[in-house]
**Q** 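Provided herewith is a single structure, encoded as structure tokens, for subsequent inquiry.
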Amino acid sequence: MKLLKSACLFITLTLCASASAYQKIDFSDVDCNSVDTRRYLMESFNSVFDGEDESATDAYDQKTIAHGIEQLVCQGKYDLSSGETGIFTYKFGRNSLGDEIDEFQEVVN
């Protein structure tokens, strides 16, 4: 019985350790207005708002607000499938499990 408890504890600790260990992302050299980053932002926008009535058809005039290890904040214009254009701020983050979270907030003037 003692061996079984030890094995269960080892498995639990191993699962916890592997769940909390993740590769940190370095965004230090990221330019939010580069073509590759704008493509990523547009795809992320559409993923976040999947199931909504509209999607992003273009992302441009992106400004890099903050960037570094585990930090990326971009702000720029998004053309939407409804024909409207909106300004959104993108933030990269992680939840308590270490899962990547893409967050978009519309900038209201």
Side-chain angles (χ1 to χ4, degrees):
M1 186 66 144
K2 188 175 182 181
L3 181 61
L4 182 59
K5 285 182 182 179
S6 295
C8 289
L9 179 60
F10 174 75
I11 291 169
T12 303
L13 291 176
T14 303
L15 289 174
C16 289
S18 63
S20 63
Y22 56 86
Q23 182 80 23
K24 291 192 176 199
I25 301 173
D26 185 358
F27 293 106
S28 298
D29 295 329
V30 172
D31 172 12
C32 289
N33 206 41
S34 74
V35 172
D36 289 338
T37 304
R38 289 175 28 222
R39 183 172 284 117
Y40 170 79
L41 291 171
M42 193 169 67
E43 290 170 359
S44 294
F45 184 97
N46 291 337
S47 177
V48 167
F49 294 103
D50 187 33
E52 301 289 324
D53 288 339
E54 58 189 2
S55 59
T57 58
D58 198 5
Y60 56 97
D61 292 342
Q62 297 291 319
K63 294 180 179 77
T64 306
I65 307 299
H67 57 133
I69 295 176
E70 290 292 298
Q71 180 185 32
L72 181 62
V73 181
C74 304
Q75 187 176 84
K77 296 179 182 177
Y78 291 78
D79 286 345
L80 306 176
S81 58
S82 64
E84 295 181 28
T85 298
I87 298 174
F88 290 84
T89 300
Y90 165 82
K91 293 181 184 177
F92 171 86
R94 291 194 187 267
N95 65 16
S96 64
L97 301 173
D99 299 329
E100 295 178 14
I101 304 294
D102 294 319
E103 178 184 344
F104 288 87
Q105 291 183 342
E106 187 168 14
V107 176
V108 181
N109 294 327

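The figures that follow rest on heavy atoms only: side chains count, while hydrogens, waters and symmetry mates do not.
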**Q** Starting from the C-alpha separation in whole Å, work towards a yes-or-no answer on side-chain contact (heavy atoms from CB on, under 4.5 Å) for Leu72 and Cys32.
**A** CA-CA 9 Å; Leu72 181 62; Cys32 289; 3.9 Å; yes
**Q** Step by step, would you call Tyr60 with Arg38 a side-chain contact (heavy atoms from CB on, under 4.5 Å)?
**A** CA-CA 7 Å; Tyr60 56 97; Arg38 289 175 28 222; 4.3 Å; yes
**Q** Rounded to the nearest 0.5 Å, what's the gap from CD on Gln71 to CZ on Phe27? Could you check?
**A** 10.0 Å
**Q** If you look at every heavy atom in Arg94 and Glu100, which pair is closest and at what distance?
**A** NH1-CG, 3.5 Å
**Q** Of all the heavy-atom pairs spanning Gln75 and Thr89, show the shortest one and how long it is.
**A** NE2-OG1, 2.6 Å
**Q** Are Met42 and Val30 connected in a single hydrophobic cluster, I mean Ile/Leu/Val/Met/Phe/Trp/Tyr linked by side-chain heavy atoms less than 4.5 Å apart?
**A** no
**Q** With no hydrogens and no angle check, just 3.5 Å: does a side-chain donor-acceptor pair link Asp26 and Ser28?
**A** yes
**Q** Under the side-chain contact (heavy atoms from CB on, under 4.5 Å) criterion, do Ser47 and Asp102 qualify, and how do the steps go?
**A** CA-CA 9 Å; Ser47 177; Asp102 294 319; over 6 Å; no
**Q** Measure the spacing between NZ of Lys91 and CD1 of Ile101 and express it to the nearest 0.5 Å.
**A** 14.0 Å
**Q** Looking only at atom types and distance, does a side-chain atom of Ser55 sit under 3.5 Å from a main-chain N or O of Ser81, one as donor and one as acceptor?
**A** no
**Q** Tell me if the CG atom of Asp29 is crowded by more than 12 foreign heavy atoms within 6.0 Å.
**A** no
**Q** Any chance you could measure Ile25, atom CD1, to His67, atom NE2, to the nearest 0.5 Å?
**A** 15.5 Å
**Q** Once the angle between the rings of Phe104 and Phe45 is folded into 0 to 90°, is it parallel (under 30°), tilted (30 to 60°) or perpendicular (over 60°)?
**A** perpendicular
**Q** Looking at Asn95, I'd like to know if its CG atom is crowded, meaning that more than 12 non-hydrogen atoms belonging to other residues, nucleotides or ligands lie closer than 6.0 Å.
**A** yes
**Q** Closer than 3.5 angstrom, by distance alone: can the side chain of Thr64 be matched with the main-chain N or O of Asp31 as a donor-acceptor pair?
**A** no
**Q** CG/Asp79 to CD/Glu54 distance, rounded to the nearest 0.5 angstrom?
**A** 11.0 Å
**Q** So does Ala56 get a backbone contact from the side chain of Asn46, meaning a donor-acceptor N/O pair under 3.5 Å?
**A** yes
**Q** How many angstroms lie between atom CG of Asp36 and atom CG of Leu41, to the nearest 0.5 angstrom?
**A** 11.0 Å
**Q** Keeping the roles fixed (side chain from Asn33, backbone from Gln62), state whether a donor-acceptor pair exists under 3.5 Å.
**A** yes
**Q** Once the angle between the rings of Tyr90 and Tyr40 is folded into 0 to 90°, is it parallel (under 30°), tilted (30 to 60°) or perpendicular (over 60°)?
**A** perpendicular
**Q** Got a donor-acceptor contact below 3.5 angstrom from the Glu106 side chain to the Phe88 backbone?
**A** no
